[in-house]
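Report on one structure; see the data block that follows.
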Protein chains: 2
Amino acid sequence: MTKIKQSGYVCSLDYAFQRVGGKYKGRIIWHLSEENVLRYGELRKILWDITPKMLTQTLRELESDGLIHRKVYLEVPPKVEYSLEEAGKELIPFINYLREWGETQMAKEGMI
Amino acid sequence: MTKIKQSGYVCSLDYAFQRVGGKYKGRIIWHLSEENVLRYGELRKILWDITPKMLTQTLRELESDGLIHRKVYLEVPPKVEYSLEEAGKELIPFINYLREWGETQMAKEGMI
DNA sequence: CAGCATCCTAGCTGATACTG
DNA sequence: CAGTATCAGCTAGGATGCTG
């Protein structure tokens, strides 16, 4: 089993960053907010730079933190859909704000 | 010299997270937004769990990313003050939003 | 299709001691 | 006071191959 980040929070900001920090969590939440529901394979295509291991691991963390919902269809071939839970939806404005801030900054630095 | 995080951004959200992610950046920005100006030693006291090395390293990254300003007084004993640049100030709403979200979540989980 | 299992490593983070 | 320098560990993240 993959090691799960240890708990122990210095403050609520620390707590929050441990939940949405990491390399892919923000982007996953963002794409889920845009599409509502995404399958594992779709996420994998959208986050083209992620490995299956990291995708699974990140999704599991988001799930156990109550930010996303994982719906398994008992079919063959398998089908799993991911969507935002309430706690995750509450992060959408924050994610968008950060995205816009990033765009502005990149524009200023002439990266766009 | 300490290694600096490699560049190469997938999108603006990725870019943004590389700038405010990490273990202490959010908290530093937050405290600077509350106090306006803080000296090195004051930050060290407030972020009681940080080592001098990490504090310096994190401050340097924030500085070279244009989020904070470093003002050196040529005195003995030395005095250095840190404050938010414009780009950093623009992150305050986001930081506060995230803090509040964290508090709500912690309350729900009975951690407060 | 949606994942596990295994092995591996870069670089983030830390402890401790020292300095202009 | 405000840092550096050194040494060291951990773990987030990656590569590759296999499976229900």
Side-chain angles (χ1 to χ4, degrees), chain A residues 1-10 14 17-28 31-32 37-65 68-83, chain B residues 1-10 14 17-28 31-32 37-65 68-83:
Chain A
M1 187 49 180
T2 317
K3 257 315 252 329
I4 295 298
K5 207 173 294 189
Q6 65 151 39
S7 310
Y9 311 109
V10 163
D14 190 38
F17 265 107
Q18 290 199 32
R19 256 148 196 76
V20 298
K23 202 168 175 181
Y24 305 102
K25 286 185 180 177
R27 284 163 68 200
I28 290 177
H31 289 296
L32 284 178
V37 176
L38 284 172
R39 297 182 59 175
Y40 182 90
E42 293 175 322
L43 280 166
R44 202 168 153 185
K45 257 170 257 165
I46 297 173
L47 289 87
W48 52 271
D49 56 331
I50 200 171
T51 58
K53 187 192 109 174
M54 284 312 296
L55 180 53
T56 301
Q57 184 179 315
T58 308
L59 288 169
R60 290 294 139 80
E61 283 186 34
L62 288 170
E63 189 194 359
S64 74
D65 285 342
I68 66 172
H69 179 68
R70 180 168 181 264
K71 182 170 185 181
V72 183
Y73 292 84
L74 293 177
E75 313 173 347
V76 179
K79 176 177 170 184
V80 181
E81 287 180 347
Y82 294 93
S83 55
Chain B
M1 186 50 182
T2 316
K3 260 312 254 327
I4 295 298
K5 204 174 296 190
Q6 63 152 43
S7 311
Y9 312 109
V10 164
D14 190 38
F17 266 107
Q18 290 199 33
R19 258 150 193 75
V20 296
K23 203 168 175 180
Y24 306 101
K25 286 186 179 177
R27 284 163 67 200
I28 290 177
H31 288 296
L32 285 178
V37 177
L38 284 172
R39 298 182 58 176
Y40 182 90
E42 292 174 321
L43 279 166
R44 201 168 155 185
K45 259 171 255 165
I46 297 175
L47 288 86
W48 51 271
D49 56 329
I50 200 171
T51 58
K53 187 192 105 174
M54 284 310 300
L55 181 53
T56 300
Q57 185 178 315
T58 308
L59 288 169
R60 292 291 140 83
E61 284 185 34
L62 289 170
E63 189 193 359
S64 74
D65 286 342
I68 67 173
H69 179 69
R70 179 169 182 265
K71 183 171 185 181
V72 182
Y73 292 84
L74 293 177
E75 312 173 348
V76 179
K79 175 176 169 183
V80 181
E81 287 180 345
Y82 293 93
S83 55

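Letters go in sequence order (proteins before strands), and every chain restarts at 1. Model, not experiment: these values are computed from the prediction. Note: hydrogens, waters and symmetry copies are ignored here, and every other heavy atom, side chains too, is used.
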task: Could you list the residues that satisfy side-chain hydrogen bond (donor to acceptor under 3.5 Å, both in side chains) with B:Tyr82, not counting sequence neighbours?
output: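 Scan of B:Tyr82 (side-chain hydrogen bond (donor to acceptor under 3.5 Å, both in side chains), adjacent residues dropped) gives B:Arg70.
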side-chain hydrogen bond (donor to acceptor under 3.5 Å, both in side chains) partners for B:Glu81, two or more places apart: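 By the side-chain hydrogen bond (donor to acceptor under 3.5 Å, both in side chains) rule, B:Glu81 matches B:Tyr73.
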- request: Determine which pairs satisfy side chain to side chain donor-acceptor pair (under 3.5 Å) with at least one residue from residues 41-50 of chain A, sequence neighbours left out, and list them in order.
  value: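 As it turns out, the side chain to side chain donor-acceptor pair (under 3.5 Å) pairs with a partner in residues 41-50 of chain A, which skip direct neighbours, are A:Arg27-A:Asp49.
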Within this structure, what is the [atom1]-to-[atom2] distance between [X] and [N], rounded to whole angstrom?
X       : N      : atom1 : atom2 : value
B:Lys23 : D:dC10 : NZ    : C1'   : 10 Å
B:Arg27 : C:dT13 : CZ    : P     : 12 Å
B:Tyr24 : C:dT13 : OH    : C1'   : 7 Å
A:Met54 : C:dA10 : CE    : P     : 17 Å
B:Glu63 : D:dG3  : CD    : C1'   : 13 Å
B:Lys71 : D:dA2  : NZ    : C1'   : 17 Å
B:Phe17 : D:dG13 : CZ    : P     : 12 Å
B:Leu43 : D:dC1  : CG    : P     : 14 Å

- request: Could you tell me whether the side chain of A:Gln57 reaches within less than 4.5 Å of the side chain of A:Tyr24, counting heavy atoms only?
  value: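 No; the side chains remain at least 4.5 Å from each other.
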task: For the residue pair B:Lys23 and B:Met54, establish whether any side-chain heavy-atom pair is separated by less than 4.5 Å.
output: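 With C-beta onward as the side chain, the pair stays apart.
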- prompt: Can you check side-chain contact (heavy atoms from CB on, under 4.5 Å) on B:Leu55 and B:Ile28, steps first, answer last?
  reply: CA-CA 9 Å; B:Leu55 181 53; B:Ile28 290 177; 4.1 Å; yes
- prompt: Under the salt bridge (Lys or Arg N to Asp or Glu O under 4.0 Å) test, which residues partner B:Arg39, sequence neighbours left out?
  reply: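 In terms of salt bridge (Lys or Arg N to Asp or Glu O under 4.0 Å), with neighbours along the sequence ignored, B:Arg39 is linked to no residue.
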message: Holding to salt bridge (Lys or Arg N to Asp or Glu O under 4.0 Å), I want the full list of residues that pass it with A:Asp14, two or more places apart in sequence or in another chain.
response: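 A:Asp14 satisfies salt bridge (Lys or Arg N to Asp or Glu O under 4.0 Å) with no residue once adjacent residues are dropped.
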query: Residues in side-chain contact (heavy atoms from CB on, under 4.5 Å) with A:Thr56, at least two apart?
result: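 Per chain and number, A:Thr56 pairs via side-chain contact (heavy atoms from CB on, under 4.5 Å) with A:Tyr40, A:Arg60.
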Restricting both atoms to N or O, compile the protein contacts to nucleotides 2-4 of chain C shorter than 3.5 Å, with distance only.
| unit_1 | atom_1 | unit_2 | atom_2 | d |
| --- | --- | --- | --- | --- |
| C:dA2 | OP1 | A:Arg39 | NE | 2.8 |
| C:dA2 | OP1 | A:Arg39 | NH2 | 2.8 |
| C:dA2 | OP2 | A:Gly41 | N | 3.0 |
| C:dG3 | OP1 | A:Arg60 | NH2 | 2.8 |
| C:dG3 | OP1 | A:Arg70 | NH2 | 2.5 |
| C:dG3 | OP2 | A:Tyr82 | OH | 2.7 |
| C:dC4 | OP2 | A:Arg60 | NH1 | 2.4 |

task: Find the bend of the helix from C:dC1-D:dG20 to C:dG20-D:dC1 as the angle between its two terminal axes (five pairs each), to the nearest 10°.
output: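 The end axes of the helix from C:dC1-D:dG20 to C:dG20-D:dC1 are about 70° apart, to the nearest 10°.
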query: So what does A:Tyr73 touch, heavy atoms closer than 4.0 Å: a base, only the sugar-phosphate, or nothing?
result: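 No contact.
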